[in-house]
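Everything on this sheet refers to the single structure shown next.
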Amino acid sequence: MEYNFREVEKKWQEYWAKNKTFRAENKSSKPKYYVLDMFPYPSGAGLHVGHPLGYIASDIFARYKRLKGFNVLHPMGYDSFGLPAEQYAIQTGQHPEITTKTNIARYREQLDKIGFSFDWEREVRTSNPDYYKWTQWIFIQLFNSWYNPETNKAERIELLIQRFRNGSLSFGAGSWDSLSEKEQSDILLNYRLAYLSETMVNWCPQLGTVLANEEVKDGVSERGGYPVERKLMNQWSLRITAYADRLLTDLDGIDWTESIKEAQRNWIGKSEGTSLKFHLSPGKEQNSQSPHPLPLSKGEGSASQKKEESIAAKEIGGEPGYITSNKKIWGNLKENARANRKEQTEAEEILWDKVRDNKLGFKIRRQHPVDQFIADFICLDKKLIIEVDGSIHEYQKDYDEGRTFMLEDIGYRIIRFSNSSVKNNIDFVCNGITKALNAPIEQEHTSGSVTPLLWRGAGGEANDGKGFIEVFTTRPDTIFGVSFVTLAPEHELVEKVTTAENKKAVEEYVTMAKNRSERERQADVKKITGVFTGSYVEHPFTGKQIPIWVGDYVLAGYGTGAVMAVPMHDTRDFAFASHFGIEKHMVIQPPVDWDFAMNSYDEKSGKLINSDFLNGLEVKDAVKKAIAVIEERGLGKGKTNFRLRDAIFGRQRYWGEPIPVYYKHLSPTLSTGEGDVIPCVVDEKDLPLLLPEVDKYLPTETGEPPLARATSFKKDGKWDYEFSTMPGWAGSSWYFLRYMDAHNEKEFVSKEAVDYWQNVDLYIGGAEHATGHLLYVRFWTKFLNDLGLIPVIEPAKKLINQGMIQGVSEKMYMFQGRRNSWGPNSPLTDTQFIFKGGEPRPIFFSADILNSYIERCKKAGDDPKSIFDEITSINVDIRLVKNGKLNIAEFISWNKTGEWTKAVFICSGSETVYYDGQWYDQNNNIVNASDFNTFQEVEKMSKRWHNVVNPDDMVEQHGADCLRLYEMFLGPLELSKPWNTNGITGVSNFIRKLWRLYHKDDELNVSNEPATKPELKVLHKTIKKIISDIEGFSFNTSVSNFMICVNELTELKCNKREILEPLAIIIAPYAPHLAEELWSKLGHNDTITFAAFPECKEEYLVESAFNYPVSFNGKTRFFHEYELSLTKEDIEKQVLTLEQTQKYLEGKTPKKIIVVHNKIVNIVV
RNA sequence: GCCCAGUUGGCGGAAUUGGUAGACGCGCUGGUCUCAAACACCAGUGAGAAAUCGUGCCGGUUCGACUCCGGCACUGGGUACCA
């Protein structure tokens, strides 16, 4: 009886399921081990062929760890929310839940067939309410948290409010409690880790949704390849940027593949440099429509109105005071300050009365110039600025906060009060000011990454030419090489610095640049565009005039949206300057032969020249010195920038977790007459917020997301819930925790469970998730850890990437028509051409004929295509081809149109021709079948190319154990490789051979006699190899080693229990069904799953002699065996006496003899 | 462009800290069995007639290099004007 894999595999799969063999306990005396596979999305196409590869590897490891005495958690579940099910729903009207369920059932069936040791009791599905309840719960925690830059941790938002209340942290306006609910809500949104803001998003009209950066590839959506455009939308986002530095530094502590870590590092994109201000240069070219700088506060009304008002003349008052501003613009500001004082708002007058003449114990000035701004009130001793704002307008907010940040940057604290607070509660305001005056001066603002403020388009007011442009640079050493400054087209100063005569050109350019889609922008990166504004800035050290340009090579979203261009030492600046003929200055001595005609010298090495105080320094030192001087002179500050952006968290789609937010309408206010709306999170006790039923899975007529169709989807029947749903990665950002405690109804995971399981010990999955899932899950883990909810800061200790699986396409070329007579290089001679004069038939050539034909054409310089009218490439279904040989009859009937029934197949070697169902030789005699070869090409696996390999088919034909072994045998796990089933028969044979070791004439034939030394040696050699292979994740070599072991034992005719029993155990992780069957036949009543993995006993491996390769000058010539007890000297002497040695010496005397014990003998002649 | 990984027979791939290059398997060739084929089993299989030459290419270190060093080419993946 041959091994019947169908029966055996079914039997053991049923046994495992019935006995719950792989159930993991949350309490155990055994050490724990957590093996996790990346979540599959259950697509309609069934299990992707790339999936089993990783699953088999992790399963082998899980089973191995069980044999090694670990309590193993090895779960599986489904990332079941997502676009494909929804697209299908839109097309068919079928509820995505139904599709999802069907798909999951199919996945499960496929997974079960491969014999995985998953603990199915812990299965999770992200689309189940009992799962997404906790995804929503975590969102609420994010909403209710802020990032404290001092503790460098997320904290409850209550702690922030507390600090606002007690004045230990400034939020802008004086007293927290005097603020309206709306004002408080708005301020808090600037700090919450889940926040709503107007953001530039990647909008995909075809998908009707917003995509994350990593879902966009080359300007089109990753899924479907639809165009993507930039659009400003009000969106929920997660403040992942707060974690940028920790996400980066903690990478060092985890054992992940270097390529993933590198991809994350690049994605986070930390760059250290400095900010630097370039003051606008006064000049006749300037556009001086607004002659005065703006006050910090702008009185009532909209932003634009305020600007107008500020121009109006104001009363002169107060004193000249200290020069707190840039000296050059001091005079100018002073004038404006005087003007401002003429027109004080009512609130400002009230406050002035309360604070003037040292009434609060400190000297307070009003309308005092600071830096480029004018402060409403200022206490110079305490470096405290007091601002009285109108009601904060949405658009103005970022802007004011930007200035707050800048002033704080140079050491000022700013507190803000609303006009209404001053008018209605002046005592409270005064209290707040006193508190602030008496509070110790806080530490300076640190890294820009932790500020919750959006900080874009930095620069001071520029309307009188006295403002500045702030740039970010990592190369402050090249400051003396600056020859222009470039602003991003979206930069807020563009309009202001443009002179009247350049206005038209700049406006046209900006409009063009903004409308250019992302895709176009990416498509012609090389195309250099830009325009001169007509204005200049002053060089901060030389005072020289530097032109301001606008160019779309500068990104509005990075740094300050402005760069100092150093064409000689930056490739992009070089290209820009060359294109527009702008001058270039060399400031770093390049190597002698450097060709500046074509290239800038970007290297961070060399000595500084033409650079004043930096001359002679090495780049590294020059950077340090430049930063020091810039800081000293107050021109800028050392800064760190991150490329990482906050993660957009809303999708305008149906099939996802509802965001547990509703919009509360506040009572109407006097000023506006209508009620403000604030976002609030759903009460935790009301979770889950269920996904409502809708009539269609499409947006509403007004363009609202599908959830808006559910008219009853309202909080308490009156307030709208958020209509967008969470992105696909929400559920997968914490699923590793849920597996630990999958059915907990009270918590997302219990403390006991997470304290026991901690985090994943081994995580296996594709590298395509490097900057998506793998970054977000790290972010959520850190966040949950900050709140003290879990004990770990990383989700997975070790991560291995399985390689991508590519398909192997089988290709053929069909030739039709015949243009020329056969030349000397033709694929056929005329005698071989059977149909001369007959009807034209399509011709197929075996690959070897075509290859040599093309080769001949190449040599002769002919065009191989010239002899036929038409050549068609055909992808043949790979099932019709075996080892590159086509089954012609099946191929002909494969084509439903019957187009190939008349075709002629010129077979391998051109000896034989097939047509009309027969093979003929050159003389038209009917002959036996011969081979027809196809071309093989590695392509993406896709239905379109007819090269998809279905794991089910493989299991059906060869069995699960064979599939498992073969997949591992293919090559290293992490290497991308084409999926080719040609070699599977070797593995199949191996399984039969292994079976035969235990059997004779269909009966189990295992002897209880003691094993011989050679048998033990084979076994223990194998044990040793297998252990080191598994632990080094080298699964392909372990399969080879099993083969070697079985071959050797077969050779030894070994059937000893002492050998075969341990052998069954060591192979059990790889071929579990077969191992279980053998185990039970050997007389065991229990599963092999928890048997003890055998130890390797070195004593069986000890050799007494070694067959030394004897080489001459490193080339091996012959072998000779020596006892290991011999010394090097003994061997040296003895090897010279050998006849063969003398032969190779050819009479010469050896210069040197090297003997490496147990390795080699090398004779140098 | 930049970053990462890789390049070994006809093919997938082995090769411990520098020490017998090509393990294991596929394919191929020949043989046994069979009326025949398939299966199975046995033998051979890097190239070359041979001397020899051979791990993408050029150079270096070493008694000895697939392995280490310098330079280059190509393939695959990531990223895309990140200042």
Side-chain angles (χ1 to χ4, degrees), chain A residues 2 214 217-219 257-267 269-271 273 471-475 478 486 521-522 525-528 551-555 557-566 570-573 575-576 602 641-645 767-768 770-771 801 803-804 806 808 882-885 928-929 936 938 966 969-972 974-990 992 1025 1028 1032 1034 1036-1037 1039-1044 1047 1107-1119 1150-1154 1156 1158-1165:
Chain A
E2 282 286 285
E214 52 285 345
K217 293 253 143 56
D218 303 321
T257 52
E258 206 42 52
S259 58
I260 291 280
K261 293 211 245 180
E262 203 54 38
Q264 293 211 346
R265 284 188 196 114
N266 292 339
W267 192 260
K270 182 177 184 170
S271 57
V471 302
F472 173 74
T473 178
T474 56
R475 293 296 303 274
T478 60
T486 316
R521 239 168 127 149
Q522 282 173 9
V525 170
K526 299 243 161 58
K527 198 172 147 195
I528 296 154
D552 72 354
Y553 80 100
V554 178
L555 301 176
Y558 184 78
T560 62
V563 302
M564 59 175 224
V566 186
D570 182 282
T571 307
R572 293 152 307 177
D573 298 339
F576 195 85
D602 296 8
N641 257 315
F642 292 94
R643 205 184 77 114
L644 185 71
R645 295 295 136 77
E768 66 273 21
T771 53
N801 295 121
M804 304 263 225
Q806 297 144 300
V808 180
K882 208 185 158 194
N883 279 318
K885 290 176 183 47
N928 288 334
Q936 281 82 45
V938 175
Y966 181 63
F969 185 62
L970 266 178
E974 65 280 6
L975 232 68
S976 281
K977 51 198 161 262
W979 184 292
N980 196 321
T981 50
N982 284 348
I984 199 159
T985 52
V987 175
S988 199
N989 287 344
F990 158 74
R992 280 208 293 273
K1025 277 296 286 176
S1028 77
S1034 173
N1036 55 327
T1037 51
V1039 179
S1040 297
N1041 283 308
F1042 283 127
M1043 289 174 172
I1044 294 167
N1047 287 347
N1107 197 17
Y1108 281 90
V1110 180
S1111 57
F1112 292 79
N1113 293 333
K1115 294 277 170 210
T1116 305
R1117 299 303 181 191
F1118 62 89
F1119 294 88
K1151 278 186 193 157
K1152 199 174 172 187
I1153 299 172
I1154 289 126
V1156 182
N1158 215 0
K1159 282 265 158 60
I1160 200 170
V1161 175
N1162 190 20
I1163 300 170
V1164 188
V1165 186

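In what follows, chains carry the letters A, B, and so on, assigned in the order in which the sequence lines appear, proteins first and then strands, with residues in each chain numbered from 1.
- Checking rG12(B), rC26(B), rA83(B) against every side-chain atom of L970(A), the shortest atom distance belongs to rG12(B).
- Across rG19(B), rC24(B), rC26(B), the shortest atom-to-atom separation from the side chain of N982(A) is found for rC26(B).
- Positionally, the nearest nucleotide of RNA chain B for L975(A) lies more toward the 5' end than for the other of G986(A) and L975(A).
- The phosphate of rC41(B) has neither OP1 nor OP2 within less than 4.0 Å of any side-chain N or O from N989(A).
- Side-chain N/O atoms of S988(A) and T985(A) include no donor and acceptor closer than 3.5 Å.
- When the nucleotides rG19(B), rC26(B), rC24(B) are ranked by their closest atom to the side chain of M1043(A), rC24(B) comes out on top.
- Closest-nucleotide positions on RNA chain B for V1156(A) and I1163(A) were compared, and the one nearer the 5' end corresponds to V1156(A).
- Rounding to the nearest 0.5 angstrom, the gap separating the CD1 atom in I1163(A) from the OG atom in S1111(A) is 7.5 Å.
- Residue S259(A) places its side chain closer to rC4(B) than to any other of rA83(B), rA14(B), rC4(B).
- Residue contacts for T985(A): at a heavy-atom cut-off of 4.0 Å it reaches the sugar-phosphate backbone alone, with no base atom in range.
- Taking only side-chain atoms of S1040(A), from C-beta outward, the nucleotide of rC24(B), rC81(B), rA83(B) with the closest atom is rC24(B).
- rG12(B) adopts an anti glycosidic conformation, its chi angle falling more than 90° from 0.
- In the model, N1158(A) has no side-chain atom that pairs as donor or acceptor with a side-chain atom of Y1108(A) under 3.5 Å.
- Here I1044(A) lies in heavy-atom contact (under 4.0 Å) with sugar-phosphate atoms only.
- The nucleotide whose nearest atom lies closest to any side-chain atom of R643(A) is, among rA40(B), rU79(B), rA14(B), rU79(B).
- Using a 4.0 Å heavy-atom distance criterion, V1164(A) is classed as a sugar-phosphate-only contact.
- Checked by distance alone, K1159(A) brings a side-chain donor or acceptor within 3.5 Å of a matching partner on the base of rU17(B).
- Checking rC24(B), rA40(B), rC82(B) against every side-chain atom of Y558(A), the shortest atom distance belongs to rC82(B).
- Considering only the side chain of F969(A), rG12(B) comes nearest among rC81(B), rG12(B), rG19(B).
- N1047(A) comes within 4.0 angstrom of the backbone, heavy atoms only, and of no base.
- The side chain of N1036(A) lies closest to rA14(B), out of rA14(B), rG19(B), rA83(B).
- The side chain of P972(A) approaches rG13(B) more closely than any other nucleotide in the set rG13(B), rU79(B), rC26(B).
- Ring geometry, Y558(A) versus F472(A): the interplanar angle exceeds 60°, so the pair is classed perpendicular (tilted spans 30 to 60°).
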